[in-house]
Amino acid sequence: MPELPEVEVVRAGLAPALVGARIEAVTVLDPRALTRHAGDAASFERALNGRTVSAAARRGKFLWLPLEPAAGAVGESSEAIVGHLGMSGQMLLRPSGAEPERHERIRLDIAHPAHGDLAVVFSDQRTFGSLAVDQLVLTADGAAGGWGTDAPQVPSQVAHIARDPLDPAFSDGRFAASVRAKRSAVKRILLDQTVVSGVGNIYADESLWAARIHPETPGSALSDRAVNRLLAEVRAVLERALAEGGTSFDSQYVNVNGQAGYFAHSLNAYGRDGESCPRCGTKLVRESFMNRGSHFCPKCQRRS
DNA sequence: GGAATAACCTGGATGC
DNA sequence: TGCATCCAGGTTATTC
């Protein structure tokens, strides 16, 4: 599933082809892919036709593509295409005129001064992902909005999302204070994108396993040392996954060229229930938690 | 206001 | 073989 490493791989893959490209045509094949867009498909198409992409940015699992001012507009543009891949969304770069993908929802035909004509295809099996045209707003802390941009701006619908742990402006102290102020299970806190962004079910399980913390430990029961250890493991897991191109299951996640990542082979806990813990040899278990699976070692990660 | 839960959605896997 | 059911999980609206 697309979490921070997967979305970052997509952002980095899109940037060279999209930054500086002009949008020549927009085709919305399924309006359900516009659930985050305030208007209809026609307004989405009108807002993008003829616009030029100025950057490819990301915060947590959200991507956005700031746009240069529309022809005839006065002053700086404050609009961007904002996207979320949901559970099965893909952003694919294809040759211009390529055959439609099986779950293609939206296609942008672009012209890049160096790379020529290309198609940007938003494909999504489960339709939890979506694109939108959104207004950019100033960041609350004045720092850059996220990876891939120096501008202190984020789309309005991303403003409530916390910075991710790989963001230079992420505050370790604020994160620790938030965790320790909550009685909720620490895994629930890790999945709360207003506390820390970019972490989903896979990397939450992996980080908690690495930090030897039971997923249902209340945040308020963790010591400062434990919270710092957990944050360090979150960062380490995300960085390793990023280096390996992300985690792919059943082709649910691929990069812009349709290639899978390799981190699934490096998982220690997620999806390995019934197998031996790589650390102590105890059989890993899976429990239902928040309508999803929670994978952990009952010996290394004792319930407190 | 914080915390927990339901709903959204599709296709692969599984069971009968 | 074909049909029904279960399962995966990110975000948000709703409920407690």
Please report the distance, rounded to the nearest Å, between [atom1] in [X] and [atom2] in [N].
{"X": "A:His295", "N": "C:dC7", "atom1": "NE2", "atom2": "C1'", "answer": "12 Å"}
{"X": "A:Met87", "N": "C:dA8", "atom1": "CE", "atom2": "C1'", "answer": "5 Å"}
{"X": "A:Arg36", "N": "B:dC9", "atom1": "CZ", "atom2": "C1'", "answer": "13 Å"}
{"X": "A:Glu3", "N": "C:dT11", "atom1": "CD", "atom2": "C1'", "answer": "13 Å"}
{"X": "A:Asn201", "N": "C:dC7", "atom1": "CG", "atom2": "P", "answer": "15 Å"}
{"X": "A:Ile161", "N": "C:dT12", "atom1": "CD1", "atom2": "C1'", "answer": "10 Å"}
{"X": "A:Asn291", "N": "B:dA4", "atom1": "CG", "atom2": "C1'", "answer": "10 Å"}
{"X": "A:Gln125", "N": "C:dG10", "atom1": "CD", "atom2": "C1'", "answer": "15 Å"}

Please check the phosphate of [N] (OP1 and OP2 only) for any side-chain N or O of [X] closer than 4.0 Å.
{"X": "A:Arg188", "N": "B:dA3", "value": "no"}
{"X": "A:His103", "N": "B:dG11", "value": "yes"}
{"X": "A:Ser184", "N": "B:dA4", "value": "yes"}
{"X": "A:Arg32", "N": "B:dC8", "value": "no"}
{"X": "A:His84", "N": "C:dT11", "value": "yes"}
{"X": "A:Gln193", "N": "C:dT11", "value": "yes"}

Does the base of C:dG10 carry an N or O that pairs as donor and acceptor with the side chain of A:Arg292 under 3.5 Å? yes
Check this for me: does the side-chain of A:Arg126 come within 3.5 Å of the base of C:dA8 through a donor and an acceptor? yes
When all nucleic acid strands are considered with a 4.0 Å heavy-atom cut-off, which category describes A:Gly129: base, sugar-phosphate, or nothing?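 Answer is nothing: A:Gly129 stays at 4.0 Å or more from every strand.
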Is a salt bridge present between A:Glu99 and A:Arg107, judged by a nitrogen-to-oxygen distance below 4.0 Å? no
Test: A:Glu101 and A:Arg94 ion pair at under 4.0 Å: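 A:Arg94 and A:Glu101: salt-bridged.
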Among A:Asp164, A:Asp167, A:Asp172, exactly one meets salt bridge (Lys or Arg N to Asp or Glu O under 4.0 Å) together with A:Arg235. Which residue is that?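 The salt bridge (Lys or Arg N to Asp or Glu O under 4.0 Å) with A:Arg235 is passed solely by A:Asp172 among A:Asp164, A:Asp167, A:Asp172.
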Identify, between A:Thr127 and A:Lys182, the residue whose nearest nucleotide on DNA chain B lies closer to the 5' end.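 Its nucleotide being nearer the 5' end, the pick is A:Lys182.
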More than 12 heavy atoms from other groups under 6.0 Å of CG on A:Asp150: no
For the side chain of A:Phe62, starting at C-beta, report the closest nucleotide among B:dG12, C:dT11, C:dA8.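 In terms of side-chain proximity for A:Phe62, the closest of B:dG12, C:dT11, C:dA8 is C:dT11.
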A:Asp205 and side chain to side chain donor-acceptor pair (under 3.5 Å): which single residue from A:Arg286, A:Arg272, A:Arg292, A:His295 fits? A:His295
